[in-house]
Amino acid sequence: MDPPEKAQKRRNAAEPPAALDGGYAWFILVSCFFVFGLTFGVIKSFGVFYVEIQQYFETTAAGTSWITSITVATIHIAAPVASALSARFSHRSVVIMGGLICSAAVVFGAFARNLTELYITVGFLNGFGYALTWTPAVTMLGMYFEKKRPVVNALASAGECILTFSLTPLFQLLIDSFSWRGALLILGGLQLNLCVCGMLLRPLRTLRDGTHINMGKEEQENLPIEDLDETKLSFQIESEMNILELSAQETVKDCVEDPDETSSLTKTSTSSQKRTKLRTTIQYYVDYTLITNGRFMVYSMFGVFAALGFFAPSLFLVPYARSKGIKEYQAAALMSISAVLDLFGRVFFGWVANLRLVETVQQLTATVILLGTVLLLCPLASTFSELVAFSAAHGLVYGATVAIHITVLPEVVGVERLGSALGFFMLIRSSGGLLGPPIAGKL
């Protein structure tokens with residue numbers, strides 16, 4: 001009878017390697033499409049609630065904007081937690097838990113008696129649930145696709161546009177029919193679909209057990225890229241521990257004539273082994289060495305300034321149009337127009353990025369400059385036709401930017417570190433997401 005290690009190795013070798021850029025990967029894309037829509041699509045559509053909540057609680061636009069601001073900031077801050085939980089358990093279970101939290105938070109928010117309770121429920125708890133759903137889903141998408149990654153990221157993020165286009169008039173209709181509280185209750189039920197998205201996230205086969213490292217060359221060639229990367233990490237951890245153990249044994253052997261020195265060195269080596277094991281375990285779940293990566297930190301600073309202006313236009317477009325005398329459904333239609341052009345910009349410029357005509361970073365730089373220029377022209381729009389033109393231009397350039405800004409991340413740090421990199425990237429740019437909407441509300 002074969003020992004357990006050999007039997008497990010044979011079972012792993014018999015399992016088919018996870019397919020990249022095809023097969024079940026398309027179901028991961030579908031899941032990520034709806035995750036984008038039910039998280040950031042809902043955030044962008046939430047502006048139609050602002051006027052009703054502001055009037056109900058007799059507060060200011062800046063006070064109401066803190067709801068979404070807290071949501072966005074919590075998504076960013078909790079992203080490393082979502083990455084660590086995904087590594088510890090699974091992406092599927094974390095996304096399902098996040099969907100349950102989102103649904104419960106919005107339902108509780110429907111019974112809020114003041115703005116503070118809305119900050120806690122629809123703001124913080126809902127944002128935490130979004131972090132647990134969005135971060136693992138995007139990480140899985142990056143693992144399943146390699147050659148088609150730019151266009152696939154664009155298609156997944158298109159879910160944000162399509163659901164924004166659909167949800168904005170739907171929310172307005174629900175508010176008119178059932179009040180903003182009834183609309184939040186229905187939204188809570190809608191967000192249970194995030195759990196269905198989580199069920200589609202079938203995990204890639206990985207090798208976390210060190211006993212699987214000593215496999216033959218032919219077996220290694222049959223493994224997908226992610227398995228080889230994780231095998232290398234496990235081998236590195238085990239090698240460090242073996243070196244420490246051998247070093248400790250040799251030191252004790254050399255000093256066996258002096259019992260006091262032997263006892264002291266044994267305690268020192270044991271303490272060193274524990275520290276090394278703790279360090280490698282933490283690094284396995286959260287790769288904190290990324291903060292020493294200069295390219296990653298520079299890109300994260302870009303994320304901070306981008307987050308300052310990413311969400312504010314979508315949140316305040318409807319209230320701004322209402323302040324200019326535009327009717328309710330016309331103001332809501334501006335968001336739908338922006339969402340249509342946003343969708344086109346994501347798909348088209350994602351396809352352009354996939355052609356590799358220029359470096360993705362250069363394309364991103366050009367779209368960010370255009371986005372800033374369009375936003376500077378916003379105060380000049382006062383009539384409905386002018387606001388339509390602004391919404392269309394902003395949607396197009398915004399879509400072009402969002403389609404590729406996450407795609408750049410694997411190129412900066414490598415796909416094997418994408419989970420931790422995405423978590424830290426979101427954490428660092430959280431300050432921009434937190435401060436952007438209130439600053440815009442004050443202005």
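Atom set for the values below is all heavy atoms of this structure, side chains included, hydrogens, waters and symmetry mates excluded.
A donor-acceptor distance shorter than 3.5 angstrom exists from the side chain of Ser86 to the backbone of Ala82, with no hydrogens or angles considered. Checked by atom type and distance alone, the side chain of Ser31 never pairs as donor or acceptor with a backbone atom of Ile28 at under 3.5 Å. Between the side chain of Glu160 and the backbone N or O of Phe34 there is no donor-acceptor pair closer than 3.5 Å. Looking only at distances, a side-chain donor or acceptor of Thr71 sits under 3.5 Å from a matching main-chain atom of Val122. A donor-acceptor contact shorter than 3.5 Å links the side chain of Thr133 to the backbone of Tyr130. Remark: the backbone N or O of Leu364 is paired with a side-chain donor or acceptor of Thr367 at under 3.5 angstrom. Arg346 contributes a side-chain N or O that, together with a main-chain N or O of Ser157, makes up a donor-acceptor pair within less than 3.5 Å. Using a distance-only test at 3.5 Å, with no hydrogens or angles considered, a donor-acceptor pair links the side chain of Ser177 to the main chain of Leu173. Side-chain atoms of Thr68 never come within 3.5 Å of backbone atoms of Ser65 as a donor-acceptor pair (strictly under, hydrogens ignored). No donor-acceptor pair closer than 3.5 Å links the side chain of Asn193 to the backbone N or O of Val196.
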Stepwise side chain to side chain contact (heavy atoms under 4.5 Å, CB included) test for Thr121 and Phe111
CA-CA 10 Å; Thr121 53; Phe111 300 97; over 6 Å; no

Quick one: do Leu396 and Phe349 satisfy side chain to side chain contact (heavy atoms under 4.5 Å, CB included)? Show the steps, please.
CA-CA 10 Å; Leu396 179 65; Phe349 287 99; 4.3 Å; yes

Would Arg88 and Val94 satisfy side chain to side chain contact (heavy atoms under 4.5 Å, CB included), going step by step from the backbone distance to the final call?
CA-CA 10 Å; Arg88 175 62 181 85; Val94 173; over 6 Å; no

Run the numbers on Phe46 and Phe171 for side chain to side chain contact (heavy atoms under 4.5 Å, CB included), then give the verdict.
CA-CA 8 Å; Phe46 203 77; Phe171 285 164; 5.5 Å; no

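Screening residues 190-202 for salt bridge (charged side-chain N to carboxylate O under 4.0 Å, His left out), with sequence neighbours left out, gives no hits.
Other residues, nucleotides and ligands contribute at most 12 non-hydrogen atoms within 6.0 Å of the CZ atom of Arg113. Within a 6.0 Å sphere centred on OH of Tyr299, other residues, nucleotides and ligands contribute more than 12 heavy atoms. For CZ of Phe49, the number of neighbouring non-hydrogen atoms (other residues, nucleotides, ligands) closer than 6.0 Å is greater than 12. Around CZ of Phe108, the count of heavy atoms belonging to other residues, nucleotides or ligands within 6.0 Å does not exceed 12.
Counting heavy atoms from C-beta on, the side chains of Tyr144 and Val152 never come closer than 4.5 Å. Looking only at side-chain heavy atoms (C-beta outward), His91 and Pro203 stay at 4.5 Å or farther from each other. For the pair Val106/Val42, no side-chain contact is recorded, criterion being any heavy-atom separation below 4.5 Å from C-beta on. At least one side-chain heavy atom of Ile162 sits under 4.5 Å from a side-chain heavy atom of Leu343. A 4.5 Å side-chain heavy-atom check between Leu380 and Glu386 finds every atom pair outside the cut-off. With contacts defined as side-chain heavy-atom distances shorter than 4.5 Å, the pair Leu317/Ser391 qualifies.
Distance check, rounded to the nearest 0.5 Å: CD1 of Ile67 to CD1 of Ile43 gives 12.5 Å. Rounded to the nearest 0.5 Å, atoms SG (Cys197) and CZ (Phe36) are 12.0 Å apart. Here the straight-line distance linking atom CG of Leu115 with atom CD1 of Ile53 works out to 7.5 Å at 0.5 Å rounding. Distance check: Thr401 OG1 to Ile369 CD1 gives 10.5 Å after rounding to the nearest 0.5 Å. Separating the CE atom in Met143 from the CG atom in Leu141 is a distance of 11.0 Å, to the nearest 0.5 Å. The structure places CD1 of Ile404 at 4.0 Å from CD of Gln363, a figure rounded to the nearest 0.5 Å.
A donor and an acceptor atom, one from each side chain of Tyr56 and Arg181, are located under 3.5 Å apart. Side-chain atoms of Ser90 and Ser93 include a donor-acceptor pair closer than 3.5 Å. Neither side chain, Gln55 nor Tyr50, offers a donor N or O lying under 3.5 Å from an acceptor on the other.
Shown here for Val107 and Gly188, the closest heavy-atom pair between the two residues is CG2-CA, 4.0 Å. When all heavy atoms of Gln191 and Leu38 are compared, the closest pair comes out as NE2-O, 3.3 Å. In plain terms, the two heavy atoms of Leu132 and Gly98 that are nearest each other are CB-CA, 3.7 Å. Listed here is the closest heavy atom pair of Phe57 and Leu118: CE1-CD1, 3.7 Å. Of all the heavy atoms in Cys102 and Leu194, the pair that sits closest is SG-CD1, 4.0 Å. Summarising the geometry of Glu117 relative to Ala112, their closest heavy-atom pair is OE1-CA, 3.3 Å, with the distance given to 0.1 Å.
For Gln362, the side-chain contact (heavy atoms from CB on, under 4.5 Å) criterion is met by Val358, Glu359, not counting sequence neighbours.
You'll find the ring centres of Tyr119 and Phe124 outside the 6.0 Å limit. For Trp134 and Phe40, the distance between ring centers is under 6.0 angstrom.
Using bins of under 30°, 30° to 60° and over 60° for the plane-to-plane angle, the ring pair Phe145/Trp26 lands in the perpendicular bin.
A side chain to side chain donor-acceptor pair (under 3.5 Å) with Lys44 holds for exactly one of Thr164, Thr39, Thr168, Asp342; it is Asp342.
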